[in-house]
Amino acid sequence: MKDDRLSRILLDRAEIQERIRTLGEQISLEMRGLTPCIMPILDGGMIFTSDLIRQISLPITLIPIKASSYGKERISSGRLDLTWGVSPLVRDQDILLVDDILDTGLTLTKLSSTLLESGARSVRTCVLLRKHHAAHLHSDYIGFEIPNEFVVGYGLDHAGQHRNLPDIRCLEIEEKA
Ligand code: XMP
């Protein structure tokens, strides 16, 4: 049997909100003149996106996309499922893909190429967190660099749990006999 144990707070709610404020300012400046189509990657990117868009002072549209590579495990399956497919409304849009975390890069890489193949004009990416081992992977906007630990809270889950925590915490999982 497995038992979740939340350990230390890695990022508290105040630092998260302050960083999102500056990210919103930067995006507003760098995407000025455009009407970005903000695309939260569900489920994990939902909470980050809802705070981020309120810090963007541009007209925007919003098209969520649902993608999953993890299932119930803590290791990526290496396969990306687009549960709802890709909306035809992405055609000719300047997309800003928003995800919770950059880990193996599979989600952003595959989604970016799928969106361009579906007719998007441009695709930029924004992640709240980038793990240390993903430092070589590009994202246009990055909130925080974090250690290679499994984290939960603020949209991030383990087996569907902990998404509603307001802070981001490390997770330890104990194997019980
Ligand atoms: P990739 O590997 O595609 O990862 O860059 C992006 C997706 O992987 C999930 N992920 C995590 N989820 N804690 C989580 O709750 C983590 O530490 C973690 N690392 C990766 C997440 O769903 C993300 O969208």
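One-based numbering along the sequence shown. Since this is a predicted model, take the numbers as computed values, not measurements. Remember, it's 1-based here, ligands and their atoms both numbered in the order they're listed.
- Among the atoms of Asp99, some N or O lies under 3.5 angstrom from an N or O of ligand 1.
- Here is the list of ligand 1 atoms found below 4.0 Å of a heavy atom in Leu156: 12 (N), 13 (N), 14 (C), 15 (O).
- When the heavy atoms of Leu80, Val151, Leu171 are ranked by distance to atom 13 (N) of ligand 1, first place goes to Val151.
- When all heavy atoms of Pro36 and Met31 are compared, the pair lying nearest together is CB-CE, 3.8 Å.
- Screening Asp100, Leu11, Asp51 against Tyr154 for a side chain to side chain contact (heavy atoms under 4.5 Å, CB included) leaves a single residue, Asp51.
- Ser68 and Asp81 are not linked by any side-chain donor-acceptor pair at a separation below 3.5 angstrom, with hydrogens and angles left out of the test.
- Between Gly44 and ligand 1 there is no heavy-atom distance shorter than 4.0 Å.
- Every N/O-N/O distance between Leu108 and ligand 1 stays at or above 3.5 Å.
- The two residues Leu108 and Leu97 have their closest heavy-atom pair at CD2-CD1, 4.2 Å.
- Across Pro40 and Thr49, no two heavy atoms sit closer than the pair CB-OG1, 3.2 Å.
- Of the charged side-chain nitrogens involved, at least one lies within less than 4.0 Å of a carboxylate oxygen, so that Arg21 and Glu25 count as a salt-bridged pair.
- Assignment of His162 to the shell around ligand 1 is not supported, since no heavy atom sits closer than 4.0 Å.
- Distances shorter than 4.0 angstrom do not occur between any heavy atom of Ile41 and any atom of ligand 1.
- Every atom of ligand 1 with a heavy atom of Glu149 under 4.0 Å away is listed here by number and element: 17 (O).
- For ligand 1 and Gly105, the ligand atoms under 4.0 Å from any heavy atom of the residue are 1 (P), 2 (O), 5 (O).
- In summary, Asp92 and Arg121 do not engage in a salt bridge, as defined by a charged side-chain N under 4.0 Å from a carboxylate O.
- Applying the 4.0 Å criterion to heavy atoms of Lys131 picks out, from ligand 1, the atoms 16 (C), 17 (O), 18 (C), 19 (N).
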